[in-house]
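As the structure is a prediction and not an experimental result, all values here were calculated from the model.
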Amino acid sequence: MKINNPYSRAVTQDDSLPAAQAMLHAIGLDKQKLTLPFVGIASTGYEGNPCNMHLNGLAQRVKAALPADEVNGLIFNTIGISDGISMGTTGMNYSLPSRDLIADSMESVVAGMHYDALVAVVGCDKNLPGALMAMLRLNRPSVMLYGGSIAPGCHQGKKLDVVSAFEAWGEKVKGEIDQTEYQAVIEHACPGAGACGGMYTANTMSAAAEAMGLGLPYSASNPATSEEKNTECQTIARALRYLMLHDIKPRDIVTRTSLINAFRVITVLGGSTNAVLHLLAIAHAADIPLVLPDLQNISRQTPMLADLKPSGRYLMEDLHHAGGVPAVMKLMMEHGLLDGSCMTVTGRSVAENLAQVPPLAENQRVIKAPSNAIKKHGHIQILTGRLAPEGAVAKITGKEGERFVGKARVYDGEAAANHGISSGEVKEGDVVVIRYVGPKGGPGMPEMLKPTAAIMGAGLGKKVALITDGRFSGGSHGFVVGHISPEAQLGGPIALLETGDEITIDACQNLIDVAVDEVEWDKRKAAWQTPKQVALKGTLAKYARLVGSASNGCITDGDDCSGAPHG
């Protein structure tokens with residue numbers, strides 16, 4: 001059975017395009033090779049980030065595994081921004097916009113170069129959703145290869161990861177550790193290649209990709225430097241060949257049901273709030289209706305079972321040894337938490353894949369039984385109310401409580417908040433408010449890991465709350481609420497808050513409110529003026545003009561791009 005080349009033949013077999021064919025001969029493709037399909041292998045590999053440093057090597061392995069007598073594997077590269085390195089700096093403003101740049105660049109190369117299929121080799125937070133968005137826009141046979149998770153660091157017998165370094169800063173500020181100990185944590189936290197080790201955004205989105213069917217079984221949990229990850233390159237080549245032979249495309253795999261499966265897996269694993277933004281954007285790319293209330297309904301019906309960092313004890317490597325994401329999915333299906341009918345890149349359904357999967361390891365401690373759930377309902381809660389009429393996303397594991405009432409401590413921007421926390425200005429009972437860091441106001445909706453880690457390190461994790469129109473790293477934990485929409489830059493209610501206002505956050509009632517009378521509130525509305533846009537030129541200025549509300553996934557190619565004030 002021959003693999004078809006429905007796209008590449010437009011340039012390779014058209015006698016009126018001799019220049020195109022001459023250039024392809026120049027890269028080593030003879031006349032016979034030009035009759036074969038082209039497979040684009042998109043690598044997000046680059047040297048400057050442990051999550052991505054090994055991906056070019058994996059891309060080469062994938063190319064070598066493709067049947068050279070049947071297809072032409074052609075590697076190309078796209079960008080990445082390290083969230084861990086840019087965190088707490090102006091570089092973080094570029095992180096979320098990079099998701100759309102990655103999607104745009106993969107789409108541009110595959111469509112512009114007439115490739116017939118796509119393998120995306122990804123590692124860091126925005127690589128994954130960007131690749132998935134591109135696959136769904138293109139709708140050509142595609143598979144995602146996740147680079148895998150980093151091994152844990154170790155210092156004085158204690159397992160470490162990248163968030164350990166952030167929280168060590170808070171401990172140093174509080175005086176609990178000295179500079180020597182602080183430096184030791186930094187030097188031992190990240191021992192080599194692979195994405196950040198807890199259930200942070202990269203591992204969250206790799207698990208989501210596997211659950212929705214665009215990643216191979218075990219792809220999310222196979223460690224970066226394991227032999228299993230190298231073997232996966234062989235398996236992925238066989239899977240892509242099957243998809244191409246049978247013309248199975250991403251939109252045959254990703255449906256509303258498979259997206260629900262993905263969010264259920266994220267909920268069971270205690271995944272990142274960033275998944276909300278990314279799943280909404282992925283659904284948009286696939287023209288699948290999915291809105292915040294849908295995610296809230298799923299969360300209400302799904303328990304949190306994983307004792308994984310940041311709120312728990314274990315890392316992705318521990319989940320790998322316990323049986324990996326497939327064993328978790330098998331447990332979920334046995335308890336009616338997963339739809340097994342969905343198609344996957346193996347050419348088999350979820351249920352067929354899981355029939356071959358061993359159950360979770362006996363005596364493993366990473367995943368609790370549903371009867372002994374860490375939290376009966378999901379940790380990701382969608383809040384609405386006076387402060388967030390379009391919605392907000394809370395990460396409430398239950399360990400920090402489910403209701404918080406406190407006085408606002410308002411900061412315009414992350415730097416001011418970090419100073420307030422480190423100087424002792426933030427006190428027990430405060431609700432830290434960080435605003436003007438939304439999609440347009442940031443611009444780029446930076447993550448607030450540095451302030452949340454500082455709060456945890458300073459011992460205030462259960463004593464203060466933090467709300468923002470920005471977003472959180474998957475490594476953030478504590479009583480935190482992000483994605484408050486409309487954002488401050490558009491005149492959303494968060495822009496009208498003043499220090500001392502009483503704020504109520506209630507994850508049982510899914511409410512976020514402020515106790516200010518209507519006369520005073522109207523007075524503040526009338527006095528508010530749109531701040532000057534920070535970015536006037538370049539990619540951030542372009543992003544600020546195009547990006548829509550966080551409540552719709554921060555999409556940049558839809559009609560949710562109004563700059564009109566709210567509130």
Might you work through the side chain to side chain contact (heavy atoms under 4.5 Å, CB included) test for Arg238 and Gln234, ending with a clear yes or no? CA-CA 7 Å; Arg238 293 195 295 272; Gln234 301 284 333; 4.1 Å; yes
From CA spacing to verdict: side chain to side chain contact (heavy atoms under 4.5 Å, CB included), Leu449, Asp83: CA-CA 10 Å; Leu449 178 57; Asp83 285 22; over 6 Å; no
What's the verdict on side-chain hydrogen bond (donor to acceptor under 3.5 Å, both in side chains) for Ser299 and Gln381, showing C-alpha distance, side-chain angles and the deciding distance? CA-CA 7 Å; Ser299 184; Gln381 295 293 313; 3.3 Å; yes
Just do the side chain to side chain contact (heavy atoms under 4.5 Å, CB included) check on Met212 and Leu259 with the steps written out, would you? CA-CA 6 Å; Met212 72 177 72; Leu259 289 177; 4.0 Å; yes
Would you check, one step at a time, whether the test side-chain hydrogen bond (donor to acceptor under 3.5 Å, both in side chains) holds for Asn552 with His284? CA-CA 9 Å; Asn552 290 325; His284 172 78; over 6 Å; no
With side-chain hydrogen bond (donor to acceptor under 3.5 Å, both in side chains) as the criterion, how do Asn353 and Thr346 come out once you've worked through the C-alpha distance, each side chain's angles and the decisive distance to 0.1 Å? CA-CA 8 Å; Asn353 288 340; Thr346 65; 2.9 Å; yes
Under the side chain to side chain contact (heavy atoms under 4.5 Å, CB included) criterion, do Leu36 and Lys33 qualify, and how do the steps go? CA-CA 5 Å; Leu36 303 181; Lys33 280 281 192 180; 4.0 Å; yes
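Comment: Asp116 does not engage Arg9 in a salt bridge, judged by the lack of any side-chain N to carboxylate O separation of less than 4.0 angstrom. Salt-bridge formation is not detected for the pair Asp469/Lys440: no Lys NZ or Arg NE/NH1/NH2 atom is positioned less than 4.0 Å from an Asp or Glu carboxylate oxygen.
Under the 30°/60° scheme for interplanar angles, the aromatic rings of Phe38 and Tyr115 are found to stand perpendicular.
For Tyr94, the OH atom sits in a loose shell: 12 or fewer heavy atoms of surrounding residues, nucleotides or ligands are nearer than 6.0 Å. Within 6.0 Å of CD in Gln32 there are more than 12 heavy atoms belonging to other residues, nucleotides or ligands.
Put simply, the side chain of Asn93 never gets that close to the backbone of Gly444: no donor and acceptor are under 3.5 Å apart. Side chain of Arg251 to backbone of Leu136: a donor-acceptor contact under 3.5 angstrom is found. Panel note: side chain Asn222, backbone Lys229; no donor-acceptor pair is recorded below 3.5 Å. Between the side chain of Thr204 and the backbone N or O of Ala275 there is no donor-acceptor pair closer than 3.5 Å.
When side chains are defined from C-beta on, Ile380 counts as touching Phe263, because their heavy atoms get closer than 4.5 Å. Taking 4.5 Å as the limit, some side-chain heavy atom of Thr302 sits within range of a side-chain heavy atom of Val268. Between Asn77 and Tyr46 the shortest side-chain heavy-atom distance does not fall below 4.5 Å. By the 4.5 Å heavy-atom criterion applied to side chains, Leu295 and Val393 are not counted as neighbours. The shortest side-chain heavy-atom distance between Gln13 and Thr35 falls under the 4.5 Å cut-off.
Partners of Asp252 under the side chain to side chain contact (heavy atoms under 4.5 Å, CB included) rule, at least two apart in sequence or in another chain, are Ile248, Lys249.
A pairwise comparison of heavy atoms in Ala262 and Ala208 identifies CB-O, 3.6 Å as the closest pair. Shortest non-hydrogen contact noted between Lys368 and Leu331 is O-CD2, 4.2 Å. Residues His114 and Ala10 approach most closely at ND1-CB, 3.9 Å, considering heavy atoms. The two residues Gly123 and Leu55 come nearest to each other via the heavy atoms N-CD1, 3.5 Å.
The line from NE2 of His54 to CD of Glu47 is 14.0 Å long, rounded to the nearest 0.5 Å. For the atom pair CD (Gln296) and CD (Gln301), the distance works out to 10.0 Å, reported to the nearest 0.5 Å.
Checking Asp125 against Asn274 by side-chain atom types alone, no donor-acceptor pair falls below 3.5 Å. Side-chain atoms of Asn297 and Arg300 include a donor-acceptor pair closer than 3.5 Å. Between the side chains of Ser95 and Arg471, at least one donor N or O sits under 3.5 Å from an acceptor N or O. Of the N and O atoms on the side chains of Ser105 and Thr78, at least one donor lies less than 3.5 Å from an acceptor on the other residue. Between the side chains of Thr257 and Asp339, no donor-acceptor pair of N or O atoms lies under 3.5 Å. Of the N and O atoms on the side chains of Asn203 and Tyr146, at least one donor lies less than 3.5 Å from an acceptor on the other residue.
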